[in-house]
Amino acid sequence: MSTRSRPDTVRPSIADHLAREIFSGRYQPGDFVPKEVDLAERFAINRSAVRSDLRQLVDVGIIERISGHGSKVREYDAWNILDPLVTDWMTRYATPNPEIQREILAFRLDVEPYVAMTAARRATARDLVAIEEAFEGMGQNLHGGNGEAGRLHSDYDVAFHVAIYKATHNIVWAQLSHILRPSIYMLIEKSNVSASDPEESLERHRQLMECIRARRPREAFLAAQAVLAGTADALGIPPGDAILGSQLDLPPTQA
């Protein structure tokens, strides 16, 4: 019986190739991607297959077809970044693109302090256990660098934030945590590698956990802001001037 492997008959994905080029920043909003005929020749596939793949990018708002001109990359605010296909591309390809990172971070800065505040009011004992287990996993793999321990640290870091979303006991927030998981992971993986003081980052997470455990919504809000400010600093990304709630007059902690 022959031991030769069967030839790989899976055709290249033009959608995947272009997504890599767009999310990495090679093609910016307003740029035209290569024409159908050029892509068909380059990848040795027929134009109908190219057209089908381009349709994937059109359907999620990343490119638009302009009759007689080709396909142009749309502005970031037109992209359906919550589509599972887009979040998958984002996780794999967007790390070199600071503009995408900045947009995701700005969203998290706007949303997650409110999520933490709500979790501090509604978290059950089971929720607190999930948050604590994730935190302990982060600590056990704190100095993993780029190795297996580093990956585990990032996994536990994501689990920590997802557990806080779930602790709101709001069905929309809980579902959103699953949708956002790839984009959260992208920022966390990059920031954990570049963080100048991992212990300080871990301490910010501990403070957030303790605020939720002690049912102190105001302090949880501020602690979540501090965690994300640390992420912004590690990534070298200015958090922006118009952060929702940055000037919020939060009510005092209830005695």
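Side chains are part of it too, since the values below use all heavy atoms of this structure and drop only hydrogens, waters and symmetry mates.
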Residue R126 excluded, over 12 heavy atoms near CZ under 6.0 Å: no
In one Ile/Leu/Val/Met/Phe/Trp/Tyr side-chain cluster, 4.5 Å: L57, V37: no
Joint hydrophobic cluster, V129 plus F160, side-chain heavy atoms closer than 4.5 Å: no
Common cluster, F107/V227, ILVMFWY with side-chain heavy-atom separation under 4.5 Å: yes
Considering all heavy atoms, the nearest R204-G230 contact: NH2-CA, 3.5 Å
Within-4.5 Å side-chain heavy-atom neighbours: F32 and S71: no
Check ion pair R26-D31 (N to O, under 4.0 angstrom): no
Residues forming a side chain to side chain contact (heavy atoms under 4.5 Å, CB included) with L202, sequence neighbours excluded: F135, M138, L142
E136: salt bridge (Lys or Arg N to Asp or Glu O under 4.0 Å) partners, not counting sequence neighbours: none
Backbone of S48 reached by a side-chain donor or acceptor of S52 within 3.5 Å: no
Neighbour count >12 (heavy atoms, 6.0 Å) for atom CD, E203: yes
Where E112 and A224 come nearest, the two heavy atoms and their spacing: O-CB, 4.0 Å
Residue pairs passing the ring-ring contact (aromatic ring centres under 6.0 Å, His included) test where at least one lies in residues 50-83, sequence neighbours excluded: F23-W79, Y76-W79
Closest non-hydrogen atom pair, A119 against I212: O-CG2, 3.9 Å
Contact check, side chains of Q140 and L152, non-hydrogen atoms, under 4.5 Å: no
Side-chain ion pair, E132 and R213, N-O less than 4.0 Å: yes
No-hydrogen, no-angle side-chain donor-acceptor test under 3.5 Å, T124 and D127: yes
Distance-only donor-acceptor check, side chains H153 and D157, under 3.5 Å: no
Inter-residue atom distance R47.CZ - K35.NZ, 0.5 Å rounding: 10.0 Å
Over 12 foreign heavy atoms within 6.0 Å of CD1, I171: no
Minimum heavy-atom distance R74-P29, with the two atoms named: O-CB, 3.5 Å
E64 side chain vs G61 backbone, donor-acceptor pair below 3.5 Å: no
Check ion pair R42-D38 (N to O, under 4.0 angstrom): no
Heavy-atom side-chain contact between S13 and D53 under 4.5 Å: yes
Option among V172, N170, V111 that satisfies the side chain to side chain contact (heavy atoms under 4.5 Å, CB included) test with Y165: V111
Ring center gap for F43 and H17 short of 6.0 angstrom: yes
Test side chain to side chain contact (heavy atoms under 4.5 Å, CB included) applied to R108 and H161, step by step: CA-CA 11 Å; R108 293 185 63 199; H161 291 281; 3.7 Å; yes
Closest non-hydrogen atom pair between L128 and A123, with its separation: CD2-CB, 4.1 Å
Under-4.0 Å salt bridge between E36 and R65: yes
Min side-chain heavy-atom separation H178-K166 under 4.5 Å: yes
Heavy-atom check, side chain of Y27 versus side chain of P34, under 4.5 Å: yes
Short side-chain to backbone donor-acceptor contact, N141 and G137, under 3.5 Å: yes
For A19 against W89, the heavy-atom pair lying closest together: CB-CD2, 3.4 Å
R181 CZ to I188 CD1 distance, which is reported to the nearest 0.5 Å: 10.0 Å
From Q225 atom CD to D110 atom CG, the distance as rounded to the nearest 0.5 Å: 10.0 Å
Nearest-0.5 Å distance that lies between atom CZ in R51 and atom CG in N46: 9.0 Å
Separation between CG of L54 and CG of L18, rounded to the nearest 0.5 Å: 6.0 Å
CD1 on I184 to OG1 on T231, rounded to 0.5 Å: 10.5 Å
Check against side chain to side chain donor-acceptor pair (under 3.5 Å), Y93 and D16: CA-CA 10 Å; Y93 305 136; D16 199 68; 2.7 Å; yes
